[in-house]
Amino acid sequence: KEKPKKEKAEATFTIGLHSIVTWLSFTLEVKASDTIDCTKASINAMVGVPGLHCHHLWCMLHRRRVLLEDGRTLRDYNIQEGDELAFDAV
């Protein structure tokens with residue numbers, strides 16, 4: 001009798017984040033399937049300053065700063081362990 005296959009939990013990894021407004025820097029545990037919206041919400045929770053919200057999120061791709069779009073995932077941008085993202089908080 002064949003055993004049902006267990007689905008593996010998606011691995012988490014750490015990315016670096018820094019604010020271009022406040023110069024605040026920290027790391028965040030994420031999954032490749034996390035959406036940009038979800039990542040921004042996690043940043044807002046980490047910053048913890050009422051009224052200060054992550055508005056834009058950028059990464060560097062091929063030496064160009066790329067604005068990450070809501071609704072897409074970190075996987076869509078090939079964000080991996082140790083990558084650094086920048087955000088503005090307004």
Side-chain angles (χ1 to χ4, degrees):
K1 198 173 188 180
E2 216 175 289
K3 290 183 179 180
K5 291 184 181 180
K6 290 183 181 178
E7 285 191 35
K8 285 186 179 179
E10 185 178 8
T12 61
F13 57 93
T14 304
I15 58 173
L17 292 154
H18 66 274
S19 168
I20 61 172
V21 176
T22 65
W23 299 106
L24 177 69
S25 294
F26 54 91
T27 59
L28 185 65
E29 289 286 318
V30 296
K31 295 178 183 176
S33 62
D34 287 350
T35 63
I36 301 308
D37 312 73
C38 176
T39 304
K40 286 180 181 180
S42 296
I43 292 168
N44 291 337
M46 290 286 290
V47 171
V49 178
L52 190 65
H53 300 285
C54 176
H55 187 62
H56 295 110
L57 193 56
W58 294 276
C59 69
M60 294 297 289
L61 291 175
H62 308 291
R63 297 187 206 166
R64 290 185 23 233
R65 189 169 82 166
V66 175
L67 180 63
L68 306 183
E69 299 175 24
D70 289 344
R72 300 196 60 192
T73 66
L74 295 174
R75 181 180 291 115
D76 292 338
Y77 294 100
N78 197 29
I79 305 298
Q80 300 176 7
E81 174 78 33
D83 284 349
E84 300 232 351
L85 305 181
F87 67 95
D88 65 357
V90 295

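The residues of the chain are indexed from 1 along the displayed sequence.
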>> Is there a path of hydrophobic side-chain contacts, each under 4.5 Å between heavy atoms, that joins Val66 and Leu17?
In response: yes

>> Using the rule that Ile, Leu, Val, Met, Phe, Trp and Tyr join whenever any side-chain heavy atoms are under 4.5 Å apart, tell me whether Met60 and Ile36 fall into a single cluster.
In response: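 They do not share one cluster, since no chain of ILVMFWY contacts under 4.5 Å joins Met60 to Ile36.
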
> Nearest heavy-atom pair of Asp37 and Gly71: which atoms, and what distance?
Replying inline: OD1-N, 2.6 Å

Look up atom [atom1] in [X] and atom [atom2] in [Y], then write down how far apart they are to the nearest 0.5 Å.
X: Arg65; Y: Cys59; atom1: CZ; atom2: SG; result: 11.0 Å
X: Phe13; Y: Leu74; atom1: CZ; atom2: CG; result: 5.5 Å
X: Leu68; Y: Ile79; atom1: CG; atom2: CD1; result: 5.5 Å
X: Ile15; Y: Gln80; atom1: CD1; atom2: CD; result: 12.0 Å

Give the table of side-chain donor-acceptor pairs shorter than 3.5 Å for residues 23-31, with sequence neighbours excluded, one pair per line with atom names and distance.
from	atom 1	to	atom 2	distance (Å)
Glu29	OE1	Thr12	OG1	3.2
Glu29	OE2	Thr14	OG1	2.4

> Taking it one step at a time, do Ile43 and Leu57 satisfy side-chain contact (heavy atoms from CB on, under 4.5 Å)?
Replying inline: CA-CA 10 Å; Ile43 292 168; Leu57 193 56; 3.7 Å; yes

> So do the side chains of Trp58 and Ile20 get within less than 4.5 Å of each other, counting heavy atoms only?
Replying inline: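 Yes, close enough: below the 4.5 Å cut-off.
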
> Can you list the residues that meet the salt bridge (charged side-chain N to carboxylate O under 4.0 Å, His left out) rule with Asp76, with sequence neighbours excluded?
Replying inline: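 For Asp76, the residues satisfying salt bridge (charged side-chain N to carboxylate O under 4.0 Å, His left out) (neighbours in sequence not counted) are Arg72.
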
>> For His56, give me all partners under side-chain hydrogen bond (donor to acceptor under 3.5 Å, both in side chains), at least two apart in sequence or on another chain.
In response: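 side-chain hydrogen bond (donor to acceptor under 3.5 Å, both in side chains) check on His56 returns Asp88.
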
>> List the residues meeting side-chain hydrogen bond (donor to acceptor under 3.5 Å, both in side chains) with Glu10, not counting sequence neighbours, and say none if there are none.
In response: Ser33, Arg75

